[in-house]
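The sequence lines fix the lettering, A, B, ..., with proteins before strands; numbering per chain opens at 1.
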There are 4 protein chains.
Amino acid sequence: MKENRRGFASDNNAGVHPAILEAMGAVNDGHVIAYGDDPYTSKAEESIRQHLGEDTGVFFVFIGTAANVLGLSSLTRSYNAVICPETAHINVDECGAPEKFSGCKLLASDTPDGKLTVEMIASHMHGIGFEHHVQPRVVSITQSTELGTVYSIDEIRQIADYAHNNGMYLHMDGARISNAAVALDRNFYEMTGEAGVDVLSFGGTKNGMMYGEAVVFFNQTLCEDFKYRRKQGMQLSSKMRYIAAQFDAFLQNDLWKTNALHANRMAQRLYLAVKDIPGVVVTQPVESNAVFAQIPPEIIPGLQEQYFFYVWDDDRSEVRWMCSFDTTEQDIDEFALLLRSMLSSE
Amino acid sequence: MKENRRGFASDNNAGVHPAILEAMGAVNDGHVIAYGDDPYTSKAEESIRQHLGEDTGVFFVFIGTAANVLGLSSLTRSYNAVICPETAHINVDECGAPEKFSGCKLLASDTPDGKLTVEMIASHMHGIGFEHHVQPRVVSITQSTELGTVYSIDEIRQIADYAHNNGMYLHMDGARISNAAVALDRNFYEMTGEAGVDVLSFGGTKNGMMYGEAVVFFNQTLCEDFKYRRKQGMQLSSKMRYIAAQFDAFLQNDLWKTNALHANRMAQRLYLAVKDIPGVVVTQPVESNAVFAQIPPEIIPGLQEQYFFYVWDDDRSEVRWMCSFDTTEQDIDEFALLLRSMLSSE
Amino acid sequence: MKENRRGFASDNNAGVHPAILEAMGAVNDGHVIAYGDDPYTSKAEESIRQHLGEDTGVFFVFIGTAANVLGLSSLTRSYNAVICPETAHINVDECGAPEKFSGCKLLASDTPDGKLTVEMIASHMHGIGFEHHVQPRVVSITQSTELGTVYSIDEIRQIADYAHNNGMYLHMDGARISNAAVALDRNFYEMTGEAGVDVLSFGGTKNGMMYGEAVVFFNQTLCEDFKYRRKQGMQLSSKMRYIAAQFDAFLQNDLWKTNALHANRMAQRLYLAVKDIPGVVVTQPVESNAVFAQIPPEIIPGLQEQYFFYVWDDDRSEVRWMCSFDTTEQDIDEFALLLRSMLSSE
Amino acid sequence: MKENRRGFASDNNAGVHPAILEAMGAVNDGHVIAYGDDPYTSKAEESIRQHLGEDTGVFFVFIGTAANVLGLSSLTRSYNAVICPETAHINVDECGAPEKFSGCKLLASDTPDGKLTVEMIASHMHGIGFEHHVQPRVVSITQSTELGTVYSIDEIRQIADYAHNNGMYLHMDGARISNAAVALDRNFYEMTGEAGVDVLSFGGTKNGMMYGEAVVFFNQTLCEDFKYRRKQGMQLSSKMRYIAAQFDAFLQNDLWKTNALHANRMAQRLYLAVKDIPGVVVTQPVESNAVFAQIPPEIIPGLQEQYFFYVWDDDRSEVRWMCSFDTTEQDIDEFALLLRSMLSSE
């Protein structure tokens with residue numbers, strides 16, 4: 001493979017947007033108090049509040065897994081359960097960190113498209129008040145989902161209402177929240193706090209940042225002790241200004257939006273370019289920056305040699321192609337061409 | 001306080017060395033596989049092995065607390081205990097993360113100077129084999145210590161020998177290992193693997209890096225499953241290349257040494273400048289980049305307005321002044337002048 | 001309900017067999033060393049070894065949940081997973097204790113009859129060696145199952161072989177192992193150690209004991225540190241002789257067998273008495289001491305007033321009737337009569 | 001040693017008081033609902049409420065370690081700390097169960113006599129609100145202490161007031177609370193809820209019971225979710241009636257008092273018999289049922305052959321002699337005689 005060639009493995013295989021890098025350099029001067037008690041961090045928190053509500057609690061951590069795990073931990077006791085889709089990052093891609101750290105069990109539902117429904121949640125609501133069973137306390141959804149689909153605001157609100165009516169909270173894993181926001185053409189707040197989300201993992205690394213994620217609480221009584229959880233959770237950065245600078249730049253001048261719009265457009269372009277190729281079956285609606293497709297297994301290794309990507313489901317020969325802020329039209333076109341040629345020569 | 005004025009609060013109040021920042025920018029091009037399976041990470045691991053031994057296991061995490069906690073977790077089961085000084089970072093500055101994550105109890109010894117001795121360790125060695133008691137399994141020391149003192153290589157070896165003879169491992173918190181290495185004028189390996197250290201938290205953030213720490217195993221059988229612990233411990237960075245680039249730059253051209261030598265020299269200069277000021281009592285030998293001193297409590301707030309630093313022990317009116325890679329001679333001289341003038345006008 | 005009337009709620013609603021009570025009184029004289037270092041405990045361990053193998057490690061704990069959780073903990077690290085049926089006690093009836101205590105995730109399979117198959121286990125074997133996924137380390141089966149079915153020895157052996165060939169251990173929850181043994185007409189060892197079980201929760205409380213369960217290790221290298229786990233797991237009884245006396249009596253004179261044979265026979269009698277009643281659909285093969293059946297929901301409350309039992313699945317109106325060592329033929333006959341009369345008068 | 005000879009090792013080396021055994025047999029008839037939803041359990045809870053207050057929450061568990069650990073867990077989050085004496089059972093005799101289960105750090109104070117003072121507690125009250133430090137949330141004391149001393153009611157109240165004024169709770173480990181009550185000639189409530197204790201581990205096993213301990217909450221808002229903690233903590237007995245029967249008998253006809261008065265009187269008799277023997281130095285005030293003494297190390301093995309007891313502190317050659325409800329005057333007199341003769345023949 002050509003050195004550092006752009007592929008479709010993941011939006012986190014991309015580098016950092018130049019404006020983000022520049023912002024990190026711009027805060028490098030002199031001394032500021034460590035661990036977040038500095039003006040850059042205050043400013044970045046304020047930037048986030050402008051997008052997500054003035055009354056939110058905002059806490060920076062290093063990564064999305066930590067944002068999810070610490071956010072969930074702050075809402076639960078160890079005898080609680082978290083309801084989520086089978087495909088949720090917390091369920092399959094965090095090596096059991098939610099269970100290890102919170103003690104909670106995850107109750108997962110099979111879904112066709114990565115999206116939880118009220119009916120799925122309701123199927124887990126038994127044994128309430130019965131001490132032999134874990135007690136559901138949080139519903140967790142991912143926006144956009146791990147399958148590239150996007151909840152409508154109504155769908156989020158229905159889940160939130162159900163959760164709240166049943167004494168539960170709604171957590172959102174927003175690792176790709178920018179892609180969802182541009183897909184729905186709504187702002188962050190409309191999709192989260194206004195729709196009933198209680199705690200949000202607000203991510204930017206998959207959209208041009210280097211590292212850092214924000215845990216955002218829409219109800220500040222839920223995060224009164226979160227600073228201790230963050231420190232004990234090994235997520236308190238000493239030189240916090242560099243996370244702050246990233247978020248600040250990410251939210252300025254609509255960089256988040258520009259990047260996400262681009263990535264989503266590239267996924268649409270990829271979808272249009274491959275959907276009619278014989279031998280390719282697109283398996284999920286392309287609503288954000290991912291394309292899922294079944295392709296013949298025998299062509300996968302050769303294709304991966306040119307453009308790295310992951311096989312999502314070996315049994316079904318289903319692959320995932322992610323677009324990122326730096327994917328180019330040429331990348332798409334050349335990839336589609338290659339795919340088409342490999343399939344026609346079969 | 002002047003904006004971003006350099007003070008003596010902590011070496012992590014400083015920014016990032018320009019060479020480090022530059023190295024981070026230099027790896028920004030194109031796509032590489034996430035989570036460390038990239039050439040930059042391999043190269044940085046190799047750089048660390050050149051300093052610490054070819055047979056070491058090297059794992060990057062985000063911060064020192066995590067390096068300590070995950071390193072200790074990999075050596076213990078929950079019924080074990082970790083023996084450390086009362087002043088150890090793991091004991092007082094990690095909000096109970098070691099206990100929470102490993103389940104282990106810490107057995108702490110009072111020390112005059114932050115340095116553990118074999119006698120102190122031996123005092124915890126009772127109840128061995130008795131199931132009612134936690135079973136000591138690791139000794140943890142910090143080099144240089146939280147009080148700025150430095151273990152000699154002989155002292156480390158004695159502790160290592162005692163630990164090994166009693167079925168225990170030796171862990172070293174090397175958050176400021178560069179400062180210790182230049183203080184002893186020895187290389188990293190002589191102070192660690194060669195002296196009997198089993199697991200090292202190898203840090204650079206306090207010496208000019210932005211974030212990132214390496215857990216280094218001198219016996220690779222101890223880290224066979226560490227990759228799972230790191231992921232479950234919420235410490236696996238997706239865009240790992242930016243941690244790798246930092247470490248690579250840190251170890252190239254002796255940047256680590258230049259920075260640490262400077263910081264230590266500044267601490268000596270500070271020591272010499274204040275030791276004879278009436279009202280100042282230096283309380284610890286100045287062996288690395290810290291000066292501990294008792295000063296009259298009434299001058300502390302005024303002094304902190306000009307140069308921020310922490311009170312270490314309120315009861316004794318003892319303060320800590322840390323020097324960093326970017327402390328200047330002028331900083332020292334002006335600070336000492338101010339201190340002298342405040343004390344003479346009392 | 002008549003005072004202390006025998007019902008079909010659970011075999012642990014029964015009292016204690018008189019021979020067990022008597023044995024507890026017989027060890028009451030004088031002082032013995034606490035925490036199991038006494039001759040009664042040695043004798044009971046020896047009794048268990050006579051049934052399960054001379055080379056087994058035997059540890060008494062208070063209850064089956066603890067036997068399961070501590071047994072599983074001793075086989076796993078927190079990043080591991082335990083594969084089990086959806087209906088497993090560890091999955092649905094221990095309030096998340098396995099996750100809380102071991103940190104592990106449970107990977108559960110839907111089953112028609114509570115019995116795991118190699119195919120089901122295999123469906124969880126992906127992501128092996130991939131640090132983002134939990135790593136399966138133990139398969140856990142229950143004999144007899146929570147649905148009253150019984151694994152054949154061949155079925156156990158196949159699961160054991162698959163587990164061992166894939167680097168996993170086989171754990172058996174033997175809360176009702178006596179009922180399975182008499183169902184198969186095999187001894188305990190043939191169903192466990194000989195068939196490839198690595199760790200067994202050996203229970204007696206559901207078969208006439210008062211409290212106490214044994215964790216039995218067929219490979220003693222697996223339990224070298226179990227005494228610490230038991231103590232830290234809050235399962236070390238000070239006056240251990242009273243658990244020991246129970247197990248000794250349970251295994252003497254085939255008391256376990258007499259009790260289990262009786263309970264199983266009562267379940268058969270119940271099955272025969274109800275299977276042809278119109279409105280009753282027996283839903284599981286009656287292989288041990290449980291009868292599962294669908295009955296019309298409207299008769300359940302009235303029936304429960306006379307004989308307490310649990311609704312197993314509200315949606316399907318499926319109930320569970322357990323027989324115990326003290327169930328009488330008259331109990332069965334009167335209950336069946338009542339059931340028939342309630343259904344005929346509908 | 002003569003078979004089952006009474007010694008001075010521990011009050012839990014004794015058997016079970018006949019009235020307790022008899023009460024256990026008396027509840028053996030027929031079926032009752034498992035897990036505590038039975039009339040015997042209700043009655044026993046009521047008995048406890050009569051002694052400790054009508055508004056208390058009462059939960060039976062198996063052992064004192066579990067009562068302590070689950071009680072503390074219900075008062076804390078993992079970033080909290082528990083302040084206790086160095087000699088506390090939770091600190092040295094529970095194999096790290098408090099840390100493992102609650103995640104909390106224990107902050108222990110050296111004491112001359114096993115009793116915490118407000119000054120000792122205050123010495124741990126730093127770093128409050130500072131996220132790098134664990135946050136003290138509970139003070140835990142033992143009544144009577146592990147050294148046989150007894151807090152006065154005023155001492156308890158002072159500690160309770162200090163705890164409450166500093167946002168903390170007071171937990172009492174009452175493994176030997178009966179011995180303390182008779183020592184002070186006060187009832188249980190005066191020493192606990194009335195004096196400001198928030199949660200009590202109420203024990204009887206060291207005073208004639210077989211197993212079982214009650215966690216008693218004086219403020220019921222603290223135990224709203226305790227039933228889940230108990231189940232997940234592997235402490236919910238299925239055949240609960242046998243724990244209930246023990247507590248009921250223990251509290252009836254002042255059995256607890258009769259037993260404790262006797263044990264304390266035996267300790268006084270032992271104290272008087274040995275205090276003037278040359279070579280014996282009694283090291284703690286004999287306020288309950290324990291005598292601590294320094295004796296020449298060379299006589300210890302021979303003495304232990306006749307009467308088993310534990311060496312408390314090897315370095316000081318200090319031993320512990322515990323009296324129990326079944327210790328006889330003859331035991332004391334013969335033991336003292338033997339001790340005197342061994343010392344005179346030195």
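- Annotation for D:Lys231 and C:Thr65: closest pair NZ-OG1, 3.6 Å, computed over non-hydrogen atoms.
- When the side chain to side chain contact (heavy atoms under 4.5 Å, CB included) test is applied to C:Ala66, the partners found at least two apart in sequence or on another chain are C:Val61, C:Ile63, C:Gln235, D:Met234.
- Both the backbone and the side chain of C:Asn12 come within less than 4.5 Å of a heavy atom of chain D.
- Among pairs with a residue in residues 9-19 of chain D, those fulfilling salt bridge (Lys or Arg N to Asp or Glu O under 4.0 Å) read D:Asp11-D:Arg176, at least two apart in sequence or across chains.
- Interface remark: C:Phe309 contributes no atoms to any contact with chain D (heavy atom separation under 4.5 Å).
- Centroid-to-centroid, the aromatic rings of D:Tyr211 and C:Tyr211 come within less than 6.0 Å.
- For a residue to count as touching a neighbouring chain, one of its non-hydrogen atoms must lie under 4.5 Å from one of that chain's; by this rule C:Met209 touches chain D with the backbone only.
- Across D:Ile33 and C:Asn13, no two heavy atoms sit closer than the pair CA-ND2, 3.6 Å.
- Looking only at heavy-atom pairs under 4.5 Å with chain D, the residue among C:Ala34, C:Ala14, C:Gly7 that has the most is C:Ala14.
- D:Asp326 is listed as a side-chain neighbour of C:His31, based on a closest heavy-atom distance under 4.5 Å.
- For residues 90-101 of chain C, heavy-atom neighbours of chain D at less than 4.5 Å comprise C:Asp93, C:Glu94, C:Cys95, C:Gly96, C:Ala97, C:Lys100, C:Phe101, sorted by residue number.
- Proximity to chain D is absent for every atom of C:Ala9, based on heavy atoms less than 4.5 angstrom apart.
- With a 4.5 angstrom heavy-atom cutoff, C:Phe8 does not touch chain D via any of its atoms.
- Only the side chain of D:Leu21 has a heavy atom closer than 4.5 Å to any heavy atom of chain C.
- Using a 4.5 Å cut-off between heavy atoms, C:Leu236 touches chain D through its backbone atoms (N, CA, C, O) alone.
- Annotation: salt bridge (Lys or Arg N to Asp or Glu O under 4.0 Å) contacts involving residues 19-44 of chain C, sequence neighbours excluded, comprise C:Lys43-C:Asp248.
- The candidate from D:Arg241, D:Arg6, D:Met24, D:Gln232 with the greatest count of non-hydrogen atom pairs under 4.5 Å with chain C is D:Gln232.
- Heavy-atom minimum distance, C:Thr205 versus D:Ser238: CG2-OG, 3.6 Å.
- With C:Asn28 contributing its side chain and D:Gly15 its backbone, the two residues share no donor-acceptor pair below 3.5 Å.
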